[in-house]
Amino acid sequence: MAEIVRIANIAAHVGEQVTLEGWLQLKTGKGKLQFLRVRDGTGFIQAVIFKPNVSEEVFEAAKRMPLESSLIITGNVKADERAPGVPGGFELDVTDLTVVQESEEYPIAPKEHGVEFLMDNRHLWLRSSRQWAILRVRARIIRAMRDWLDDNGFILVDTPILTPSAAEGTTTLFKTDFHGEDAFLAQTGQLYNEANIFAFGRVYCFGPTFRAEKSKTRRHLQEFWMVEPEIAYCKLEQLLEIEEQYVSYIVQTILKECAAELKLLERDTTHLERVVAPFYRISYDDAVQMINKAAGEGVTVPPNDDPLPPIEWGGDFGSPHETFVASQFDKPVFVHHYPSAVKAFYMEPEPGRHEVCRSADLLAPEGYGEIIGGSERMSDPELLLAAIDRHGLPREAYQWYIDLRRYGSVPHSGFGLGVERTVAWICGLDHIRETIAFPRMLGRLRP
RNA sequence: UCCGCGAUAGCUCAAUCGGCAGAGCAAGCGGCUGUUAACCGCAAGGUUGGAGGUUCGAGUCCUCCUCGCGGAGCCA
C-alpha cells in the first residue's frame with residue numbers, strides 16, 4: 001500500500017501513488033469508467049476508475065458500491081485544472097480499492113430535500129459538503145474570536161453554567177434541580193465576568209448559553225454559544241472601538257483563510273470585504289426618527305415586504321425596525337443610547353439624561369440583525385440597588401454583585417457576541433439551524 | 001401565545017369544477033471511455049398525517065386533532 005495522505009495535502013503528491021481513507025460522496029458511472037467523489041474529512045477529490053486499470057473484482061465493487069460506503073483507495077495523483085473538489089484541480093487515477101463497509105441505502109440523495117427531513121437526519125446531513133464548509137468556517141470563527149482576545153490582553157475565565165438566579169428576564173430560563181434547590185442554565189456569564197475584571201482587568205468567557213424563549217425564527221436557538229468580553233476602566237465610547245476592531249478582525253480573517261469554504265457556499269463576499277473599522281454609529285433617538293420617516297413614506301421590509309411599522313420613542317425595536325435600520329448602511333452599525341426602560345437593569349444611565357442608558361447594539365448588514373449587545377455597566381452601588389428593586393429582582397441573589405461596587409468600583413463595559421448569528425452572517429445562510437452541528441430549537445431536541 | 005401556509009410513493013412535487021392517484025430522483029435490472037445532482041431503456045413502488053362529517057362519488061369541501069414550515073413578540 002502507498003503512503004496514506006489526506007486530501008487537503010494532495011497538491012504535494014502530484015505524480016505519486018498515494019492511498020486515501022474516506023467515504024464515497026458521489027458516484028457516476030459510464031460504461032468502463034467510474035467517477036467517484038471521495039471525502040476524507042479534509043477535502044473532496046474525484047477518483048477515476050478505468051476498467052482496464054484495475055482487477056475485475058475492484059471494478060465490480062466500485063460499480064455496486066452505494067453512496068457513503070467507507071473505502072480505502074489507492075491511485076496516482078494527477079493535476080487537472082478542470083477536476084472538481086476541495087481543493088480542486090487534482091484527480092486520483094485508481095489502481096486499487098478496498099470497501100471497508102458497503103453502506104446501506106443512504107437516505108440523503110444528491111438532490112433537494114425538505115427541512116424536516118434534513119433535520120431528522122442531521123446526524124447524516126453533516127456529511128454533505130455544504131454543512132462541512134459551514135462548520136469549518138464556524139470553527140475558524142471561534143478561533144479568530146479567541147485569538148484576538150488572547151492577543152489583546154484578555155484572559156479567558158470560565159463562568160458557571162448552573163446558576164441560582166437570572167441575569168435578565170426570568171421567563172426564559174431553563175430550570176433544573178440542584179440537589180433540591182432550583183438552579184437555572186446560564187443565559188450569560190456577564191455578572192461573573194464583572195467580578196473577574198477586578199482580578200484580571202480584561203476577561204472573557206466563552207461557552208454555551210441557554211434561553212427558553214418561545215422564539216421560532218431563523219435567528220433563534222434555545223442553546224447557543226457566545227463570547228463575552230468584559231473590560232475594567234472602559235467607557236462606552238472605548239467599548240465600541242474595541243467591538244469594531246474585533247468584528248473587523250474576525251470577518252477579514254475568515255475572508256482570508258476560508259476562501260474555499262465561502263466559495264463552496266457561493267457566498268458573495270463583496271459586503272464582507274467592506275467590514276473594516278470604523279463602523280457607523282446612530283443614536284436610538286435618530287434611529288427612531290429615521291424609522292418613522294420611512295414608515296410615513298410606506299417603506300416595506302423583507303422578508304415578506306410588510307410595511308415598516310412606526311415606533312414611539314421609548315419602545316424597543318422590533319425585528320422589522322432592526323432590519324430597516326441595518327439596511328440603511330453598507331457595513332455594521334451601532335445603535336446606541338437605548339431607553340433604560342427596555343434594557344437590562346445593570347446598564348449605566350447617561351449622566352444628565354437618565355431615561356437613556358450607555359448601551360449599544362451592533363446590527364449586521366444584509367438582514368442578519370443584532371450580533372452584539374453591549375453596554376457600560378452601572379458602577380454606583382446605590383443606583384444599582386434601585387435598579388434591582390425597580391426590576392423586581394431579589395436583592396439577596398445579587399448581594400455579591402452589588403458588593404463589587406463597594407470595593408474599588410470603576411467604570412467598566414462589556415459585550416456579548418453570538419457565535420451562531422456571526423456564522424450565519426459570514427456564511428450568508430438563510431437560517432441559524434445550519435450554524436451548529438446539532439441545533440437545539442423550539443420543538444427540536446433530537447438528534 | 002398569536003397570524004399565515006402546509007402534510008400525496010423512500011425523497012422532491014403534480015393531480016383542472018368534487019369524477020380512473022401521476023412524474024422526476026433514489027433503490028432493482030440492462031446499456032454506455034470523461035462524468036460533475038450524467039444520460040438512455042426496462043421493471044417496480046400508494047391506508048393521500050389522524051378522527052369524524054357532507055356527497056351517488058372526497059387527495060380535493062366542512063369540523064376537530066397531530067405534526068411541520070414561515071412570521072410576530074422576546075433576544076445574541
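Chain A is the first sequence line, chain B the second, and so forth, proteins listed ahead of strands; every chain is numbered from 1.
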Next on the checklist: Return the CZ to OG distance between A:F44 and A:S129, rounded to the nearest 0.5 Å.
Outcome noted: 5.0 Å
Checklist entry - In whole angstroms, how far is the P atom of B:rG28 from the NZ atom of A:K63? => result 12 Å
Checklist entry - Hey, does the side chain of A:R219 come within less than 4.0 Å of B:rG70's phosphate (OP1/OP2), counting only N and O? => result no
Checklist entry - Relative to each other, are the rings of A:F345 and A:Y401 parallel, tilted or perpendicular (30° and 60° limits)? => result perpendicular
Item to check | Face-to-face stacking of A:F224 with B:rA76, centres under 5.5 angstrom, angle under 30° | outcome: yes
Item to check | C1' atoms of B:rU8 and B:rG46, separation to the nearest Å | outcome: 8 Å
Checklist outcome for this item: In Watson-Crick or G-U wobble terms, with both distances under 3.5 Å, the base opposite B:rA7 is B:rU66
Item to check | Pairing partner of B:rA15 (Watson-Crick or G-U wobble, both distances under 3.5 Å) | outcome: none
Checklist outcome for this item: B:rG34 -> Watson-Crick or G-U wobble partner, both distances under 3.5 Å, gives none
Item to check | Distance, C1' atom - from B:rG68 to B:rU54, rounded to whole angstrom | outcome: 28 Å
Next on the checklist: If we count only N and O atoms by modelled type, under 3.5 Å, do the side chains of A:S283 and A:D285 hold a donor and an acceptor together?
Outcome noted: no
Item to check | Rounded distance in Å - CD (A:Q34) to C1' (B:rC39) | outcome: 14 Å
Item to check | Length of the CG-P vector between A:L417 and B:rC75, whole Å | outcome: 18 Å
Item to check | Same-atom distance (P) from B:rA44 to B:rC5, integer angstrom | outcome: 40 Å
Next on the checklist: Rounded to the nearest 0.5 Å, what separates atom CG in A:L26 from atom CZ in A:R39?
Outcome noted: 11.0 Å
Checklist entry - Do any side-chain nitrogens or oxygens of A:S215 fall under 4.0 Å of OP1 or OP2 in B:rC74? => result no
Checklist entry - Does any nucleotide pair with B:rC29 by Watson-Crick or G-U wobble geometry, both distances under 3.5 Å, and what is it? => result B:rG41
Checklist entry - Do A:H220 and B:rC75 share a donor-acceptor pair, side chain to base, under 3.5 Å? => result yes
Checklist outcome for this item: Taken to the nearest whole Å, CD/A:Q190 to P/B:rA76 is 10 Å
Next on the checklist: Using a 4.0 Å heavy-atom cut-off, does A:E322 contact any base of the nucleic acid, only the sugar-phosphate backbone, or nothing at all?
Outcome noted: base
Item to check | Side-chain donor/acceptor of A:R421 to base of B:rC75, under 3.5 Å | outcome: yes
Checklist entry - Whole Å only: how far is the CG atom of A:L363 from the P atom of B:rC75? => result 14 Å
Next on the checklist: For the P atoms, the ones on B:rG10 and on B:rA72, what distance do you get once it is rounded to whole angstrom?
Outcome noted: 35 Å
Next on the checklist: For B:rU54, give the paired nucleotide (Watson-Crick: N1-N3 plus N6-O4 or O6-N4; G-U: N1-O2 and O6-N3; both under 3.5 Å), or none.
Outcome noted: none
Checklist entry - Base, sugar-phosphate alone, or nothing: which one does A:T209 contact when heavy atoms must sit under 4.0 Å apart? => result nothing
Checklist entry - According to the interplanar angle, ranging from 0 to 90°, do the rings of A:F174 and A:F210 count as parallel (below 30°), tilted (30 to 60°) or perpendicular (above 60°)? => result perpendicular
Checklist entry - Across all strands, who's sitting opposite B:rC2 as a Watson-Crick or G-U wobble pair, both distances under 3.5 Å? => result B:rG71
Checklist entry - Should B:rC65 be called syn or anti, with syn set as within 90° of 0? => result anti
Checklist entry - Does B:rG46 have a Watson-Crick or wobble partner in any strand here, with both distances under 3.5 angstrom, and which is it? => result none
Checklist entry - Do the side-chain N and O atoms of A:E194 and A:Y346 include a donor-acceptor pair separated by under 3.5 angstrom? => result no
Next on the checklist: Using a 4.0 Å heavy-atom cut-off to protein, can you give one letter per nucleotide of nucleotides 21-27 of chain B, 5' to 3': B if the base is in contact, S if only the sugar-phosphate is, - if neither?
Outcome noted: ---BSSS
Next on the checklist: Would you say A:E434 and A:Q131 are linked by a side-chain donor-acceptor pair, where the criterion is simply a distance under 3.5 Å?
Outcome noted: yes
Checklist entry - Atom NZ of A:K51 and atom P of B:rG31: how far apart are they, to the nearest Å? => result 9 Å
Next on the checklist: Going by ring-ring contact (aromatic ring centres under 6.0 Å, His included), name the residues that satisfy it together with A:H113, two or more places apart in sequence or in a different chain.
Outcome noted: A:F117
Checklist entry - NA contact type, A:Q222, heavy-atom cut-off 4.0 Å: base, sugar-phosphate, or nothing? => result nothing
Checklist entry - Will you find, in the side chains of A:Y280 and A:D330, an N or O donor that is under 3.5 Å from an N or O acceptor? => result yes
Checklist entry - Taking the side chain of A:E370 as heavy atoms from C-beta outward, which of B:rA37, B:rA76, B:rG34 is closest to it? => result B:rA76
Checklist outcome for this item: A:E420 CD to B:rC75 C1', in whole Å, measures 13 Å
Item to check | Pairwise P distance for B:rA14 and B:rG49, with rounding to whole Å | outcome: 14 Å
Checklist entry - When all nucleic acid strands are considered with a 4.0 Å heavy-atom cut-off, which category describes A:L33: base, sugar-phosphate, or nothing? => result base
Checklist entry - In this structure, which one of A:E376, A:H336, A:E348 forms a side chain to side chain donor-acceptor pair (under 3.5 Å) with A:R358? => result A:E376
Next on the checklist: Counting distance alone, no hydrogens or angles: does the base of B:rG6 have a donor or acceptor under 3.5 Å from a partner atom on the side chain of A:E116?
Outcome noted: no
Next on the checklist: Measuring to OP1 and OP2 of B:rC69, would you say a side-chain N or O of A:K216 lies under 4.0 angstrom away?
Outcome noted: yes
Item to check | Same-atom distance (P) from B:rA23 to B:rC42, integer angstrom | outcome: 12 Å
Item to check | Rounded distance in Å between the P positions of B:rA21 and B:rA58 | outcome: 11 Å
Checklist entry - Considering only the C1' atoms, how many Å lie between B:rC74 and B:rG6, rounded to the nearest integer? => result 26 Å
Next on the checklist: Once you measure the plane-to-plane angle for A:Y284 and A:W313, does it fall in the parallel (<30°), tilted (30-60°) or perpendicular (>60°) bin?
Outcome noted: perpendicular
Checklist entry - What is the distance, rounded to the nearest whole Å, between atom CD of A:E213 and atom P of B:rG71? => result 15 Å
Item to check | Nucleotide opposite B:rA21 in a Watson-Crick or G-U pair, distances under 3.5 Å | outcome: none
Checklist entry - Relative to the 5' end of RNA chain B, which residue comes earlier, A:R444 or A:K214, by the nucleotide with the nearest heavy atom? => result A:R444
Item to check | A:H431 vs B:rC69: side-chain N/O to OP1/OP2 distance below 4.0 Å | outcome: no
